[in-house]
Each structure stands twice: as C-alpha cells, then as structure tokens.
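Since the structure comes first, as structure tokens, the remarks are kept for the end.
Start at 1 and go down the list; that is how both ligands and their atoms are numbered. Here, residue 1 is the first one in the sequence, and each next residue gets the next number. What you see below is based on every heavy atom in this structure, not just the backbone, and it leaves out hydrogens, waters and symmetry mates. No experiment lies behind these values; they were computed from the predicted model shown.
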Amino acid sequence: MARKLFVAGNWKMNTSLASAKALVGELVELVGKSDKVDVAICPPFTYLGAVGEMILSSNIALGAQNMFYEDNGAFTGEISSSMLKDVGCKYVILGHSERRHVIGESDELINRKVLKAITDGLAPILCVGELLAEREADQTMEVVRRQVKVGLEGVSVADVLKVTIAYEPVWAIGTGKTASPAQAQEVHAMIRELLGNMYDKNVSDSIRIQYGGSVKASNAAELMGQPDIDGALVGGASLKAGDFAGIVNAE
Ligand code: PGA
C-alpha cells in the first residue's frame, strides 16, 4: 500500500496572534487545497482556536505541540486532550526532543500521553531521536528502538496506525545540520522493521514515519524520496509560508 506523505509544521514557541493569523492566511492560499500530501500545522496552544477557525474549510489539519494525560483537575499549566479536541485539533506532537531534553519528559510519561491521546481520538505524532553524543557512541539504534518500544507500550495493533512516528535526530534540529538521506533512511528502515516485529506486516507497511531536523524546501525532495521516509516534521521552515509550501510541494 502506498503511504501518503504527511508534512506537519511545528511552530514551537513562536508567533504572536497577529503573525500566526498572517501566516495561516498565506498557508491557506499556498497549500490549503493540498491533496497529494497530508498537511498539518501545530501552533502554540494560545493560538489554536483562532488558527483552527481559519483552516476549517481548507485541507490543512490542526495539531498541538503537547498535552497532559489526565482529563481535568489540579494540573496547573497543563492542557487536556478534550481541550485540544474542543478547538479542532486532530493531531498532537508527543515526546518532541525539546520536551524530552529541555523539559525532562521520560519515555514513560510520553507513553501515558500517547495512550491517552489515542483513547480520546487524537492522532499522536510520536517523536524519537538520538543526541549527538549517542550517535557518536554508536547508540543511535538502541536509543531510538527504546523510545519507540516504550512510547508505544500498550498501544494495540488496532490503534497503532493512528500514530505517526517522527524520527528527529536531536543534533539536526534547528542546527542547519540535516541528517543525510542515507543516514535518515537507515534509521527509518530500522523503525519500520521494529514495528513489523512488534505488530505485523500491515502495520510496518502502512505506518507513516516522518523525518525532522532542518528540513527545507531544498532538501525535502531527496529526504522524502527515501523509501521509508513518509514526510517531514518541520520546525524553523514552517514559520515562513513560502518555505513550508516549498516542502509540501517538493518532488
Ligand atoms: P527544525 O525543527 O526544522 O527547526 O530543525 C524540527 C522539529 O523540531 O520538529
């Protein structure tokens, strides 16, 4: 089965209400009718509502950058899956490297969020990826394997295709250093094989695995042309409509 490419923009902690609206206005013009590629944008929590309304009649889907695993209650500063669904989110990024390495999220915490997102009808984008020191110590495969296994613990074969995996080598995020297409492909192939062992052939054939880390219009086609790379999770280049559109339309 051919897998449809999926390109998601992770705006991180950027934009203002005004600049978010301006960016979305341009994106609707440029990629709002995209049908060859699935497109999502993930603005900061505070702009989800406004951005969500602007993309309602487009083919651009809304995603959040994080969530908590409880329904509601005394969890100051956290956001629940139902709140995200309320404002129109379809996707939620979980386990992004900045949450793992800046905020300190563990594989176990991320797994609880993945399970909760699926239960509540949100599609997780589960991010995995090694640090530079781990790559240099030849631990890339071991680290990524652990992140995938623990991140998906308890996710059934019936639910796992709701998940997109994003392989993002930490040393390539925001640094301008992209993994070479061959380096990325090698890890993607390992992840796909692992998912085949954890689940079945249908899962390994069908699940989408995005690459992330300094993806730009100029390198997107070669990366997304690799057999096991099914799209991109884009940070910096998702903040300029023309650059993001260049990635969506890369071939
Ligand atoms: P980058 O970020 O494209 O700015 O490297 C990617 C990401 O962190 O998702």
With respect to Asp107, which candidate in Val150, Val148, Val128 satisfies the side chain to side chain contact (heavy atoms under 4.5 Å, CB included) definition?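 That would be Val150.
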Find all atoms of ligand 1 within a distance of less than 4.0 Å from any non-hydrogen atom belonging to [X], and give their numbers and elements.
X	result
His96	7 (C), 8 (O), 9 (O)
Glu168	6 (C), 7 (C), 8 (O), 9 (O)
Leu233	6 (C), 9 (O)
Gly174	1 (P), 4 (O), 5 (O)
Gly213	5 (O)
Ala172	5 (O)
Asn10	9 (O)

Is it the case that the side chains of Gln65 and Tyr91 hold a donor-acceptor pair, with the cut-off being a distance below 3.5 Å and no angle test?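 Note: Tyr91 and Gln65 side chains miss the donor-acceptor criterion.
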Of all the heavy-atom pairs spanning [X] and [Y], show the shortest one and how long it is.
X	Y	result
Gln210	Leu233	OE1-CB, 3.8 Å
Leu5	Ile229	CD2-O, 4.0 Å
Leu23	Ser238	CD2-O, 3.8 Å

Hey, which of Arg192, Lys4, His188 is the one that makes side chain to side chain donor-acceptor pair (under 3.5 Å) with Asp230?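 When side chain to side chain donor-acceptor pair (under 3.5 Å) is applied between Asp230 and each of Arg192, Lys4, His188, only Arg192 qualifies.
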Can you tell which of Asp120, Asp71, Asp86 makes a side chain to side chain donor-acceptor pair (under 3.5 Å) with Ser81?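 Passing option: Asp120.
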What protein heavy atom is closest to atom 4 (O) of ligand 1, reported as residue, atom name and distance in Å?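 Ranked first by proximity to atom 4 (O) of ligand 1 is Gly236 N, 2.8 Å.
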In terms of residue, atom name and distance, what is the protein heavy atom nearest to atom 2 (O) of ligand 1?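 For this ligand atom, the closest protein heavy atom is Lys12 NZ, 3.2 Å.
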Pick whichever of Gly212, Gly235, Ala166 has a heavy atom sitting closest to atom 6 (C) of ligand 1.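 It is Gly235 whose heavy atom sits nearest to atom 6 (C) of ligand 1.
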